[in-house]
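See structure below.
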Amino acid sequence: MDALLSGPFSEYAFMQRALVGSLAVCVGAVPVGMFMTLRRMSLTGDAMAHAILPGAAIAYLLTGLSLIGLTLGGLVAGLVVAALAGWVARSTHLKEDTSLAAFYLISLALGVLVISLKRSNVDLFHVLFGNILALDNATLWLLASIGSVSLVLMALLYRPLVIECVDPSFLRCSGHASSTAHYGFLFLMVINLVAGFHALGTLMAIGIMILPAAASRFWAKTLDSLIITSVLIGFAGCYTGLLLSFYFDLPAGPAIVISLGVVYVISLIIGLNGGFLNQYYPKRHLTG
Amino acid sequence: MGIGVRNYPFVMSIQLNNLTLTYERHPAVHHVTATIGQGDWLAVVGPNGAGKSTLLNAMAGLTTIDDGSIEGLSPNTVAYLPQQTQLDRCFPITVFELVVTGLWAKLGFFESLNKSQYEQCGDAISAVGLQGFERRMINTLSGGQLQRSLFARVLLQDQPVILLDEPFNAIDTKTLADLTQLIKQWHQHKRTVIMVTHDLDYIQEHCPQTLLLARDCIGYGATKEILTRENLEKARQHFEAFDKRANSCVQGAA
């Protein structure tokens with residue numbers, strides 16, 4: 001049993017790299033995902049992922065399959081969309097989801113346009129599905145760096161971000177921290193999605209952000225315990241997904257996301273904080 | 001009780017100079033001029049849509065000013081309690097954590113609570129009658145309990161100017177009395193309290209000053225002189241829907 005669970009990781013270097021890489025992504029992305037779900041931005045992450053895709057595609061046309069090119073392309077496209085959308089949401093009556101949808105669609109259309117003008121058959125397989133089982137040193141460093149930067153930035157922004165989520169007008173009338181928190185959060189979202197697409201691909205990267213956060217809502221109540229639970233769930237999902245991928249010869253990205261999905265469904269059913277069983281077989285009420 | 005009871009020795013009055021605030025060019029507050037003295041307890045009253053909340057928003061620095069100016073206020077002098085709808089009640093934080101955000105301006109991004117600030121939080125929570133609720137999540141609170149915790153946050157903000165937007169909506173009489181007691185203390189300690197409410201009896205009983213607003217200022221001054229039947233009737237009459245064909249306003253545009 002022990003060999004079954006840890007064997008692949010002790011025997012194969014690529015599995016070790018995959019595990020380290022995916023855990024690094026979890027450390028950065030899961031707390032960001034927690035705040036996304038709490039801000040009701042779960043689906044906005046999808047939009048952001050689409051906004052990053054054209055940047056990466058254009059970079060691919062210009063530089064080929066270069067790590068720096070793809071990363072910069074994705075970052076630039078994502079940050080431009082995030083900044084424009086954030087600015088519109090803060091200075092007009094449009095809400096964040098609408099302004100983000102508007103800009104990501106423009107970005108996506110531009111990307112498709114550029115690619116079709118070039119008439120080149122772009123192999124976006126890497127960007128769509130990631131590369132977790134073949135991480136080279138440079139990519140591993142990149143994932144670890146983004147995870148670390150993200151963690152530090154999250155610690156810096158934690159207070160204003162929480163206040164901004166609970167009561168945005170309170171923060172807005174006490175100084176400039178409100179825009180710092182807002183743009184800082186969008187920045188965090190973009191860098192983690194870029195890390196995510198190297199590991200799992202643009203479409204699967206959202207899974208690692210949202211699913212652990214959603215699952216942890218059925219176990220924990222306070223914000224700190226929610227974040228810790230969700231990161232642990234993220235770790236468990238990555239570990240299990242990589243094992244599944246190894247033994248059943250599955251693509252690793254989807255295997256990780258499906259593992260996280262299974263944890264989510266189980267939490268939904270047996271979670272102690274409002275799961276289905278908990279609702280259908282409630283304990284008798286207290287005396288006071 | 002070390003909180004919310006500090007006197008503000010310096011004189012600071014708030015001037016609204018010919019203030020106009022608009023919504024898509026239509027005035028929501030129209031050429032209002034008033035001087036609010038330090039330590040005043042001012043009720044802002046008027047029909048729905050008269051611009052009361054817009055005025056408070058502008059005083060809190062959340063709305064751009066179309067014309068005229070507000071003097072004597074800056075973000076670091078105002079504690080603002082808006083109508084509850086803007087608060088996300090589902091966010092997973094405790095009463096203590098919500099209340100302690102009142103110290104944000106002092107603590108900033110990183111500084112941790114010292115012992116006396118920790119005690120202040122406890123005092124503020126007791127002052128609003130929520131002792132024992134510190135670790136409750138805010139989504140388990142009733143409307144009145146939530147409003148009490150927001151008052152506790154205002155206590156911790158410890159600002160010379162306090163803006164309250166309909167603070168007593170859906171509040172029981174006990175809570176109303178408790179919170180009024182707090183406002184009375186602020187008033188005694190020379191804090192300026194500006195509050196929007198529809199409760200004329202309350203204003204007559206408690207608030208020395210009244211601003212009667214129906215987009216334009218119908219009357220501003222001592223409550224007894226402002227809340228007359230004629231003035232209230234005038235506010236009702238004066239008030240009408242936006243005129244879609246309205247021309248640019250030339251009043252004071254020399």
Side-chain angles (χ1 to χ4, degrees), chain A residues 31 34-42 90-96 152-181 184-185 213-214 216-230 273-274 286 288, chain B residues 23-24 53 56-64 73-113 135-140 146 149-150 153-154 156-157 159 161 163 165:
Chain A
M34 191 74 236
F35 277 95
M36 281 163 69
T37 58
L38 291 172
R39 285 173 74 105
R40 297 177 183 74
M41 287 171 73
S42 311
R90 293 183 74 81
S91 51
T92 72
H93 58 88
L94 281 195
K95 297 283 182 225
E96 185 134 50
V152 171
L153 206 57
M154 180 57 97
L156 271 169
L157 287 176
Y158 191 75
R159 273 187 194 170
L161 192 56
V162 169
I163 304 178
E164 163 93 0
C165 292
V166 183
D167 194 351
S169 62
F170 174 79
L171 200 59
R172 282 180 77 176
C173 55
S174 33
H176 299 290
S178 166
S179 49
T180 312
F185 181 68
S216 69
R217 298 288 289 276
F218 290 104
W219 299 102
K221 279 185 178 168
T222 59
L223 187 56
D224 35 4
S225 58
L226 277 167
I227 291 176
I228 292 167
T229 319
S230 60
N273 180 27
L286 306 172
Chain B
Y23 180 72
E24 292 177 354
S53 296
L56 254 60
N57 262 318
M59 293 174 104
L62 298 177
T63 314
T64 48
L73 281 179
S74 71
N76 296 323
T77 56
V78 175
Y80 179 33
L81 181 49
Q83 280 177 290
Q84 273 183 26
T85 43
Q86 298 176 349
L87 189 126
D88 180 4
R89 293 187 58 172
C90 299
F91 199 85
I93 62 169
T94 63
V95 171
F96 184 87
E97 288 165 332
L98 176 67
V99 171
V100 84
T101 60
L103 290 174
W104 156 252
K106 290 197 188 83
L107 293 174
F109 286 69
F110 267 132
E111 205 179 317
S112 54
L113 280 178
R135 304 190 61 140
R136 283 271 291 270
M137 306 302 290
I138 58 170
N139 64 1
T140 66
L146 184 65
S149 48
L150 292 175
R153 184 177 71 181
V154 173
L156 284 181
Q157 280 181 273
Q159 299 292 11
V161 178
L163 308 174
D165 196 350

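Within every chain, numbering begins at 1; the chains are lettered A, B, ... in the order of the sequence lines, protein sequences first and strands thereafter. The figures that follow rest on heavy atoms only: side chains count, while hydrogens, waters and symmetry mates do not.
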- Can you find a heavy atom in the side chain of B/Ile93 that is under 4.5 Å from one in the side chain of A/Val162? yes
- Item | Side chain / backbone / both / neither for B/Gln157 at chain A, heavy atoms under 4.5 Å | side chain
- So what's closer than 4.5 Å to chain B heavy atoms on A/Arg40: side chain, backbone, both or neither? side chain
- Task: Can you see which heavy atom on B/Met137 is nearest to which on A/Lys221, and at what distance?
- Result: CE-O, 3.4 Å
- Pick one of side chain, backbone, both or neither for B/Leu107, based on which atoms fall under 4.5 Å of a heavy atom in chain A. both
- Task: Could you name each residue pair satisfying side chain to side chain donor-acceptor pair (under 3.5 Å) that touches residues 158-167 of chain A, not counting sequence neighbours?
- Result: A/Glu164-A/Ser178, A/Asp167-A/Ser169, A/Asp167-B/Arg153
- Query: Side chains of B/Pro82 and A/Phe170: does their closest heavy-atom pair fall under 4.5 Å?
  - Reply: no
- Message: Between A/Leu223 and chain B, with a heavy-atom cut-off of 4.5 Å, which part of the residue counts as in contact: side chain, backbone, both or neither?
- Response: both
- Message: Just verifying a value: how many Å separate B/Tyr80 OH and A/Arg172 CZ, rounded to the nearest 0.5 Å?
- Response: 11.0 Å
- Query: How far does CZ of B/Phe110 sit from CG of A/Leu156, to the nearest 0.5 angstrom?
  - Reply: 4.5 Å
- Just wondering, do B/Pro92 and A/Leu38 contact through their side chains at under 4.5 Å, heavy atoms? yes
